Number of protein chains: 2
Amino acid sequence: MRVLIADDHDLLRDTLDLFLTSEAGIETVCAANFNDAAQLVAEGPDFDLVLLDYGMPGMDGLNGLERMLRMPGGHRVAIISGSATREVAEAALESGAAGFLPKTLSAKSLVNAVRFMAMGEQYAPLDFMRAAEAAPQHPLAEQLSTREFEVLKGLTEGKSNKEIARDLDIREPTVKLHVKTLYRKIGAANRTQAAMIAKEAGLF
Amino acid sequence: MRVLIADDHDLLRDTLDLFLTSEAGIETVCAANFNDAAQLVAEGPDFDLVLLDYGMPGMDGLNGLERMLRMPGGHRVAIISGSATREVAEAALESGAAGFLPKTLSAKSLVNAVRFMAMGEQYAPLDFMRAAEAAPQHPLAEQLSTREFEVLKGLTEGKSNKEIARDLDIREPTVKLHVKTLYRKIGAANRTQAAMIAKEAGLF
DNA sequence: CAATGGCCTATCCGTTCGGATAGGTGACCT
DNA sequence: AGGTCACCTATCCGAACGGATAGGCCATTG
């Protein structure tokens, strides 16, 4: 079994290498950034599994994952991350990743997950995925109507009421109404505050 | 020598534990979050060095570092991080941290750094600190005058010109002037855009 | 010394915002 | 059938914003 480990954290990469190599039948190759990893995949022979660090140089978020998946030999690719949220994990799996590994995993779990994924299964730690599941997506956004949400999006883009009206194909007074009610709901005193609140909440 | 390793990444913590323990004369204790770490420090006996992960639960950025430094036994504390920027590293050292360790370090360098710091030295990898040094701190912010910067801060807080004027103890027309010139400099069409641009740039 | 540049102030003007008020439509539920 | 709710439109008004223009103060610099 051939596994490619791509992570810019020397320490973690070495450890992973060590643990996997000591497993019978696992051959590992290492890279410290996305470009090196992509080249190794391109050169072949094919890997049974590629581990991509979410935050490594060249990754550009999940763009790297998608680029890797589109490559000839890049069919089994998993994301490994120390900081990413459940949303990112879900998006990765959605894009066709073989799995998602938070760095909070123990070495033993990680080795097991690697074997699991190399066999063609899709893996993600259940407790991690459940973690934020219960919490409401966005306490602020959920109390806004569809239109108000769209208007709020316009606000965060620094548009004027008139521009928002044009984009949504409604009259300006209507936009003003949505803006006003929206302020009340999220507790903003003016459009800039509304935009900042939305930004803080991680919307858009 | 007693070292406390506080990191929520099981894998990394175990590895660090392994490497340090194999070094003669280093005794390690582990914690997976800030509160556990703080309790271990409080209980004593004193550690020669405490390694705090920047992103672990309970840390709250550099707040955790400062709280730890204020504790009776918490004199030698280093920050370890996989994602933090040079700015954070500098701020940590400024606050009195014993060092800053990016997770891109190799195991060997890391063990050396730990020994170095435990001897009372302050450590930070030179290449890491030099990395962003050349690049302008904030391409946007640097072209603003002091006043314009203060006004921009007010904008991001959703204040009106009048409020900003009061806070800075200047007249409102002056604020308007700064706002206008500031728009030109950062390429904003209105105050909301200015606030969002500042936010995107990571200011405030 | 004169020039420069940052900072402050002022006035004027048109546009936009924020709020209030009043009403109309269609979908859905009881 | 009546009620509720989201969505749309309209008009009015005071306040704030965005821009232009014109000047004064002061420290730094050539």
Side-chain angles (χ1 to χ4, degrees), chain A residues 135-204, chain B residues 135-204:
Chain A
Q137 183 131 336
H138 282 304
L140 285 178
E142 294 319 301
Q143 52 188 338
L144 298 180
S145 72
T146 311
R147 263 321 198 205
E148 286 160 356
F149 192 81
E150 290 170 329
V151 170
L152 179 55
K153 180 174 175 56
L155 288 188
T156 63
E157 290 164 4
K159 291 177 181 164
S160 69
N161 289 340
K162 193 177 292 186
E163 286 174 311
I164 296 172
R166 184 168 38 70
D167 293 352
L168 297 181
D169 197 31
I170 56 181
R171 301 300 134 236
E172 196 200 343
T174 311
V175 174
K176 291 177 64 173
L177 172 68
H178 290 316
V179 168
K180 186 179 50 165
T181 55
L182 172 165
Y183 286 170
R184 262 212 316 278
K185 290 187 180 178
I186 69 175
N190 55 50
R191 57 181 49 222
T192 301
Q193 276 185 22
M196 297 306 277
I197 289 171
K199 190 78 179 172
E200 295 284 356
L203 274 39
F204 315 117
Chain B
Q137 184 130 335
H138 281 303
L140 286 177
E142 292 319 301
Q143 51 188 338
L144 298 181
S145 72
T146 311
R147 264 320 200 208
E148 286 160 356
F149 192 81
E150 290 171 329
V151 170
L152 179 55
K153 181 173 172 59
L155 288 188
T156 63
E157 290 164 4
K159 291 177 182 165
S160 69
N161 289 341
K162 192 177 294 187
E163 286 174 310
I164 296 173
R166 184 168 39 69
D167 293 352
L168 296 182
D169 197 29
I170 55 180
R171 301 301 131 236
E172 197 201 344
T174 311
V175 174
K176 291 176 64 174
L177 172 68
H178 290 316
V179 167
K180 187 180 48 165
T181 55
L182 170 165
Y183 287 171
R184 259 211 321 276
K185 290 187 180 177
I186 69 175
N190 55 52
R191 55 181 49 223
T192 302
Q193 275 185 24
M196 298 307 278
I197 288 170
K199 191 78 179 173
E200 295 284 355
L203 274 38
F204 315 119

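In what follows, chains are A, B, ... by sequence order, proteins preceding strands, each numbered from 1. What you see is a predicted model, and the numbers here were worked out from it, not measured in a lab.
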Of the nucleotides [options], which has the atom closest to the [X] side chain?
X	options	result
B:Ser145	C:dA10, D:dT11, C:dC7	C:dC7
A:Ile170	D:dC8, C:dG18, D:dG19	D:dC8
A:Val179	C:dA20, C:dG18, D:dT21	C:dG18
A:Ser160	C:dT16, C:dT9, D:dA10	C:dT16
A:Glu172	C:dA20, D:dT9, C:dC17	C:dC17
B:Thr146	C:dG18, C:dC7, C:dT9	C:dC7
A:Thr174	D:dC8, D:dT21, C:dC17	D:dC8
B:Arg191	C:dG18, D:dG18, C:dT21	D:dG18

Short side-chain N/O contact to [N] OP1/OP2 from [X], under 4.0 Å:
X	N	value
B:His178	C:dG6	no
A:Arg147	D:dA6	no
A:Asn161	C:dC17	yes

Distance in angstrom units between B:Tyr183 OH and D:dG19 C1', rounded: 11 Å
Return the 5'-most residue of the pair B:Leu168, A:Asn190 with respect to DNA chain C, ranking by each residue's nearest nucleotide.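 The answer here is B:Leu168.
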Sidechain N-carboxylate O distance under 4.0 Å for B:Lys153, B:Glu150: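 No, B:Lys153 and B:Glu150 are not salt-bridged.
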Select base, sugar-phosphate, or nothing to describe what B:Lys162 touches, counting heavy atoms under 4.0 Å on all strands.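 Result for B:Lys162 = sugar-phosphate.
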